[in-house]
Amino acid sequence: MFHSVKAKEGASLVMVICIGAFLMAFALSMIYTAGLLLSRSNRRLEQERSYQLARSFSQILDLELKKYNALGDAPEKSFYRYAVHFLEGQYGEYDPDYLDETIFHYTAGEAPEGMDESHYGTIRVALYKEAGEEEEELSGTVSSDASIEDILTNPIQRYVFTVEVTAETGSTSFRYRTEYRQTAIYEVRFTYGDSKRPVVLAGSEWHYDNASGELCNFDSPVQLEYEYLTGLANMKSCSFESAYLEEGEGI
């Protein structure tokens, strides 16, 4: 009898220990699962914050690009002026084999004073350009008796301009990319003859060199050559039209 009672007590103790171990394992499993869910939830929040930050900053830059039509209208430190200088500057067209030489990085600024940068997030903006698919000729010929108004006001589509905003918050980041068609109106130079002497139309008459220069006494209509003078100094206007919006991707 004594051995039977001891045996039952031993079995009960083993069962209690097994149940306790099971409950402990279950509790640890629940804690791990809760921690994993919390981690995923935090990551989703970071991803959403990165997305919202990249998207909102892209929208701000979009408004800046479409707000002005000429350098003279834009403030000195505006993004519009920055973009125009990039397009007319020395950077070459986008080439994946030469990223450092063909991608320009715009500094978007730092987090406001007193705000934790890891919470606010950091922003990087990459700019690059590619020749437009329908890039127009920058030179041609026209008859001296033809109207040249269309030539003088013709917008030239030179580049497809890409603005790529990357926002980083915590351990996650999101990239938001927008493409624009850039069109510009430039000064035009007209020349005549093999000497390529400049001619200028004043009223209805052509003059050599400038509007008050020697009158061109063409006996009959002649062919004049014209050339669009690119570069910042010769740019009359510049505008940006959204060409393609890529809603972005997590990185």
Side-chain angles (χ1 to χ4, degrees), residues 62 64-95 98 101-102 104 127-163 179-244:
D62 182 80
E64 280 287 303
L65 286 176
K66 296 176 180 177
K67 187 176 181 180
Y68 309 103
N69 290 311
L71 281 175
D73 300 332
E76 187 65 30
K77 295 185 178 181
S78 65
F79 180 67
Y80 172 88
R81 182 176 287 269
Y82 201 95
V84 173
H85 276 77
F86 165 72
L87 291 174
E88 295 293 329
Q90 299 301 314
Y91 267 70
E93 296 175 17
Y94 174 73
D95 187 335
Y98 298 94
E101 290 81 9
T102 60
F104 195 77
L127 312 176
Y128 49 94
K129 60 186 179 182
E130 300 172 89
E133 293 182 1
E134 300 176 359
E135 184 178 12
E136 299 185 36
E137 294 291 338
L138 296 178
S139 61
T141 59
V142 63
S143 175
S144 60
D145 65 344
S147 172
I148 63 170
E149 185 63 25
D150 288 344
I151 296 175
L152 295 175
T153 59
N154 181 39
I156 305 297
Q157 181 190 329
R158 297 195 66 198
Y159 298 111
V160 174
F161 176 51
T162 300
V163 179
E179 290 183 359
Y180 299 90
R181 293 187 184 92
Q182 178 248 5
T183 55
I185 296 178
Y186 297 99
E187 296 283 354
V188 185
R189 177 173 60 198
F190 295 86
T191 58
Y192 171 65
D194 295 336
S195 64
K196 305 290 185 181
R197 188 175 181 181
V199 293
V200 176
L201 184 65
S204 59
E205 297 179 317
W206 288 95
H207 297 256
Y208 287 112
D209 302 322
N210 55 63
S212 58
E214 178 188 353
L215 186 66
C216 299
N217 293 313
F218 299 132
D219 295 331
S220 60
V222 297
Q223 287 296 108
L224 304 176
E225 295 186 11
Y226 67 87
E227 177 186 7
Y228 291 99
L229 305 177
T230 59
L232 292 173
N234 301 302
M235 179 182 286
K236 292 182 176 180
S237 69
C238 179
S239 60
F240 296 89
E241 175 188 354
S242 297
Y244 174 73

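Here the OH atom belonging to Tyr186 is positioned 8.0 Å from the CD1 atom belonging to Ile156, to the nearest 0.5 angstrom. Rounding to the nearest 0.5 angstrom, the gap separating the CG atom in Leu127 from the NE2 atom in His85 is 13.5 Å. Taking OG from Ser239 and CD1 from Ile185, the interatomic distance works out to 7.5 Å, rounded to the nearest 0.5 Å. Residue Met235 holds its CE atom at 14.0 Å from OH of Tyr228, rounded to the nearest 0.5 Å. Note that CZ of Phe161 and OG1 of Thr183 are 13.0 Å apart. Values are rounded to the nearest 0.5 Å. Put simply, OG1 on Thr230 and CG on Leu138 are 6.5 Å apart, with the number rounded to the nearest 0.5 Å.
The side-chain hydrogen bond (donor to acceptor under 3.5 Å, both in side chains) analysis of residues 65-75, with sequence neighbours excluded, yields the pairs Asp62-Lys66, Lys66-Ser242. Applying the salt bridge (charged side-chain N to carboxylate O under 4.0 Å, His left out) rule to pairs touching residues 203-230 yields Arg189-Glu227, Lys196-Glu225, Arg197-Asp209, Arg197-Glu214, sequence neighbours excluded.
In terms of modelled atom types and a separation under 3.5 Å, the side chain of Tyr80 and the main chain of Cys238 share a donor-acceptor contact. Although no hydrogens or angles enter the test, the distance criterion places no donor-acceptor pair under 3.5 Å between the side chain of Asn154 and the main chain of Asp150.
Between Lys236 and Ala70, the closest heavy-atom pair is O-CB, 3.7 Å. Contact detail for Glu76 and Arg81: the closest heavy-atom pair is O-CD, 3.1 Å. Of all non-hydrogen atoms in Ala146 and Val142, the two that sit nearest each other are CB-CG2, 4.0 Å. Here the closest heavy-atom approach between residue His207 and residue Ala202 is recorded as CD2-CB, 3.8 Å. When every heavy atom of Glu64 is checked against every heavy atom of Ser78, the shortest pair comes out as OE1-CB, 3.8 Å. Annotation for Leu87 and Phe240: closest pair CD1-CE2, 3.6 Å, computed over non-hydrogen atoms.
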Quiz prompt | Evaluation steps, side-chain contact (heavy atoms from CB on, under 4.5 Å), between Leu65 and Val163 | solution = CA-CA 10 Å; Leu65 286 176; Val163 179; 4.3 Å; yes
Exercise. Before giving the answer on side-chain contact (heavy atoms from CB on, under 4.5 Å), spell out for Arg158 and Glu88 the whole-Å C-alpha distance, their side-chain angles and the decisive distance to 0.1 Å.
Key: CA-CA 10 Å; Arg158 297 195 66 198; Glu88 295 293 329; 3.4 Å; yes
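Using a 4.5 Å heavy-atom threshold, the side chains of Phe190 and Trp206 count as touching.
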